[in-house]
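Below: the structure, in structure tokens.
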Amino acid sequence: MAFRNDFLWGGATAANQIEGAWDADGKGESVPDHCTNGSNTNPKRVTVSLEPGTLYPSHEAVDFYHHYEGDIALMAEMGFKCFRMSINWTRIYPTGMEEAPNEAGLAFYDKVFDCCKQHGIEPLVTISHYEMPYALVEQCNGWESRDCIGYFERYCKTIFEHYKDKVKYWLTFNEINAATQRMGSVLSTGTIRGYTGPARTAPDHPQSRYQALHNQFVASARVVRYAHQHYPQFKMGNMTYFSAFYPATCNPDDIIACQHQLQMMNYYCNDVQCKGAYPFYAPRIWRERGVQLQMEPGDLEDLRQGTVDFLTISYYVSNCIAKNPPKDKLTGGNIAGGLKNPYLKASEWGWQIDPQGLRFALNELYDRYRIPMMVVENGLGARDTLEPDGSVHDPYRIDYLRQHIQQMKLAVEEDGVDLMGYTPWGCIDLVSASTGEMAKRYGMIYVSKYDDGTGDLSRRRKDSFYWYQKVIRTNGEDLT
Ligand code: BGP
């Protein structure tokens with residue numbers, strides 16, 4: 001068999017995109033709670049105050065908060081061994097700054113973890129998945145301030161102690177490398193104090209973003225070290241998205257441009273979190289962007305001591321890179337886009353589909369870091385049609401997943417990558433992070449919830465549900 005016997009098959013979600021109940025039981029407002037809905041053509045906005053009459057999709061999302069038992073039972077029916085989910089920081093510390101945690105928030109995740117356990121499902125918990133407290137944006141411009149390091153440490157210490165017997169696998173920050181891109185300031189670093197406007201084009205301050213990222217590195221390293229010292233049973237991971245980048249031509253100018261892009265987006269953060277030090281090329285990245293990092297004594301030592309046990313990635317797309325990219329050939333992508341690749345097709349959202357890019361990613365990263373890896377996000381965002389009889393036929397999604405699993409298999413069987421598991425994104429339909437819409441669906445479980453806020457929230461099994469069930473049952477041997 002290609003995949004190990006204890007391979008962690010499952011699915012992935014994030015609290016703000018699935019839970020809803022945004023102000024229930026003492027929960028505070030997070031950044032996504034200030035993000036409106038949108039679409040590919042109508043960009044989602046972030047607003048300082050909540051506008052009456054505007055739809056904020058995280059407020060109800062697909063109401064996992066009140067449906068978690070049924071949802072986890074469906075995941076168990078598919079055969080899940082693992083469920084990647086995140087804890088919403090604002091359920092535990094509503095503003096991020098309280099001295100004591102919100103007990104009702106802690107109690108909710110107790111119930112979720114207990115339910116997973118009853119079904120023999122191992123939780124894989126992202127501690128911060130694009131949902132920092134909005135109060136910290138107002139207070140200190142988010143992660144630009146070192147104060148967030150201490151607030152985050154307090155949050156982590158609380159959840160480590162509280163869930164120490166229920167959770168073994170932890171990821172510190174979702175797609176921490178989002179902060180290398182403009183979009184990261186809304187999604188990840190919260191460096192948007194006072195800003196109302198489209199999320200994608202929030203004013204860009206590389207100085208703030210890179211400083212915020214440094215502060216996140218220090219925070220991550222400190223809590224990883226703390227976990228290792230106090231909870232030796234924990235496995236601590238990082239999480240970055242991997243965009244496969246290929247030179248647009250064999251012109252050496254394009255080769256160098258592509259290498260620089262790979263370094264900044266795919267290796268800069270992994271080098272810090274897996275090797276414990278900034279890479280040698282980091283000063284060039286800072287120089288090119290006019291960034292002057294403020295570090296305190298002890299930061300570099302923290303980074304050195306806080307390296308992770310395993311490396312996880314999201315993988316969706318590949319793009320081509322040229323030194324002078326023609327504007328009319330650009331296409332989108334998960335956090336970053338690039339040039340169109342004539343050999344690839346793209347989804348309706350312009351994300352180019354490239355299964356072999358996943359094999360490339362796994363080889364590149366394993367070669368560089370030599371620690372166990374896991375693919376914790378991958379999938380196809382597509383429109384689905386709910387048939388009158390309640391079925392959803394999604395062969396396009398099955399094809400996408402099949403081809404990516406085939407490439408993971410080659411990476412393991414032929415190339416020798418140490419792969420722990422696979423949790424495709426949005427195993428249940430949820431709100432899109434980039435556009436704030438429901439129409440871009442990833443799930444194997446369909447949820448009756450639509451972009452105008454309507455829908456009865458009922459759940460249906462898609463064709464991909466039964467297909468993935470068979471894949472898990474045969475440990476990836478039967479992909480037909
Ligand atoms: C990743 C995020 C997820 C998720 C996914 C799909 O970047 O970690 O939160 O949403 O991409 O992206 P989207 O929802 O924009 O289609």
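The residues of the chain are indexed from 1 along the displayed sequence. In what follows, every heavy atom counts, from backbone to side chain, and hydrogens, waters and symmetry copies are set aside.
Looking only at atom types and distance, the side chain of N177 has no donor-acceptor partner in the side chain of Y267 under 3.5 Å away. If you check the side chains of E377 and T423, you find no donor sitting under 3.5 Å from an acceptor. Side-chain atoms of T95 and E98 include a donor-acceptor pair closer than 3.5 Å. A donor atom on one side chain and an acceptor atom on the other are not found under 3.5 Å apart for Y68 and E19. Checked by atom type, the side-chain pair N174/R84 shows a donor-acceptor distance below 3.5 Å. Between the side chains of Y93 and T158, at least one donor N or O sits under 3.5 Å from an acceptor N or O. A donor and an acceptor atom, one from each side chain of Q17 and W425, are nowhere located under 3.5 Å apart. Under the 3.5 Å distance criterion, with hydrogens and angles disregarded, no donor-acceptor pair is assigned to the side chains of N16 and S58.
Below 30°, between 30° and 60°, or above 60°: for Y278 and H214 the angle between ring planes is below 30°, a parallel geometry. Aromatic ring pairs are classed by plane angle as parallel below 30°, tilted from 30° to 60° and perpendicular above 60°; the pair F64 and F108 is perpendicular.
Both tests pass for K157 against the ring of Y226: distance under 6.0 Å to the centre and angle within 45° of the axis.
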Legend entry - side-chain contact (heavy atoms from CB on, under 4.5 Å) evaluation trace for V375 with L419: CA-CA 8 Å; V375 178; L419 191 66; 4.2 Å; yes
Legend entry - Verdict with supporting geometry, I18 and Y65, side-chain contact (heavy atoms from CB on, under 4.5 Å): CA-CA 8 Å; I18 186 176; Y65 196 75; over 6 Å; no
Inset, instruction - Evaluate the side-chain contact (heavy atoms from CB on, under 4.5 Å) criterion for residues F173 and T126: first the C-alpha distance (whole Å), next the side-chain angles of each, then the deciding distance (0.1 Å), finally the verdict. - result: CA-CA 7 Å; F173 289 91; T126 317; over 6 Å; no
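Summarising the geometry of F160 relative to A227, their closest heavy-atom pair is CE1-CB, 3.9 Å, with the distance given to 0.1 Å. Across all non-hydrogen atoms, the minimal contact from K27 to P94 is C-CB, 4.3 Å.
When the options N270, D271, N238 are evaluated for a side chain to side chain donor-acceptor pair (under 3.5 Å) with Y369, the one that passes is D271.
Remark: aromatic rings of W89 and F152 are close, center separation under 6.0 Å.
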